[in-house]
Amino acid sequence: MQSAEVGACWEGNAENWTKFSRAGYDIYRDALNTPAFLDMIPPVAALRGLDLGCGEGTNTRRLAEHGALMTAIDIAPTFIRHAREQEEDDPRGIRYEIGDGADLPFEDEAFDFVTAFMSLMDMPNQAGVLRQVFRVLRRGGFFQFSILHPCFVPPHRKTIRDENGDCHAVEVADYFDETDGRIETWLFSSMPSSERENATPFRVPRFHRTLSTWVAMITASGFVLEELREPMASEEAARLYPTVADTRVVPIFLHLRLRKPAS
Ligand SMILES: C[S@@+](CC[C@H](N)C(=O)[O-])C[C@H]1O[C@@H](n2cnc3c(N)ncnc32)[C@H](O)[C@@H]1O
């Protein structure tokens, strides 16, 4: 599947994704994934940052609130429209552009850091995206991104629950099937059933890669792997937000920070 088709899927998701995520239904993002990502990122105040696959812009805004001078791109125009409208209503100095991660419309070495929150596993040609990110980063700059954990969220995943409904194991399979745009249909699991019944599920093209393929793409692009984390919900977070409790059994997300060598 090519970028244009991927973009069309996301354009179809963008209106409802914006509405539902801003209503607080993306519990994994808000209760675990973004806080863990921001806990791992080095200080960004006054640095020029690019957020790749920014969606409706919530995470870009978090980076701007940490003092970063943010630019953000997404392939789906409706996401960019919503992000710009929020920026107009409540400015954070963010510039939003429509664009493809595999063909970044920026000068060489234009940024001090690049982020991609949960977008790289949704992009075709990830090796090309990594090369583009390497190109637009200054020497010594970093690229931090989060993806679905390739080992624990491969094409087949089933949560095994006990008699109380608590997750105690996860079944995975098809790990070695590197999919090229296999469509997964789902809605945020925390949506109330009244809204779920009337909502059209998201159609998300997945580009699953094994862990070894990710590492091979990273090293081939010239980056050095600097830090890797597998966020787990705290006991308190799991109690407050039971949706994220399964990350205490196996991780769902993988966070990596890469560094472009200084010389
Ligand atoms: C799972 S969403 C994550 C959105 C946002 N980063 C967040 O954390 O809420 C993945 C995003 O990647 C974008 N995307 C997918 N392929 C892309 C590409 N080739 N170039 C730029 N953005 C892309 C989608 O439009 C979508 O907004």
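Counting starts at 1 for both ligands and their atoms, following the listed order. Positions are given from 1 along the sequence.
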Can you tell whether the side chains of Arg92 and Asp90 come within less than 4.0 Å, N to carboxylate O?
yes
Could you check, using the six-membered ring where one of them is a Trp, whether His149 and Phe253 have ring centers closer than 6.0 angstrom?
no
The single option from Val129, Val133, Val114, Leu120 passing side-chain contact (heavy atoms from CB on, under 4.5 Å) against Phe145
Leu120
So, Asp26 and Ser21: side-chain donor and acceptor under 3.5 Å apart, yes or no?
no
If the test is side-chain hydrogen bond (donor to acceptor under 3.5 Å, both in side chains), which one of Glu56, Arg61, Arg62 qualifies with Thr58?
Glu56
Using heavy atoms and a strict 4.0 Å limit, residues surrounding ligand 1 turn out to be Val6, Trp10, Trp17, Arg29, Gly53, Cys54, Gly55, Asn59, Asp74, Ile75, Phe79, Gly99, Asp100, Gly101, Phe117, Met118, Ser119, Asp122, Met123
Tightest non-hydrogen contact, residues Ile183 and Met1, listed as CD1-CE, 3.9 Å
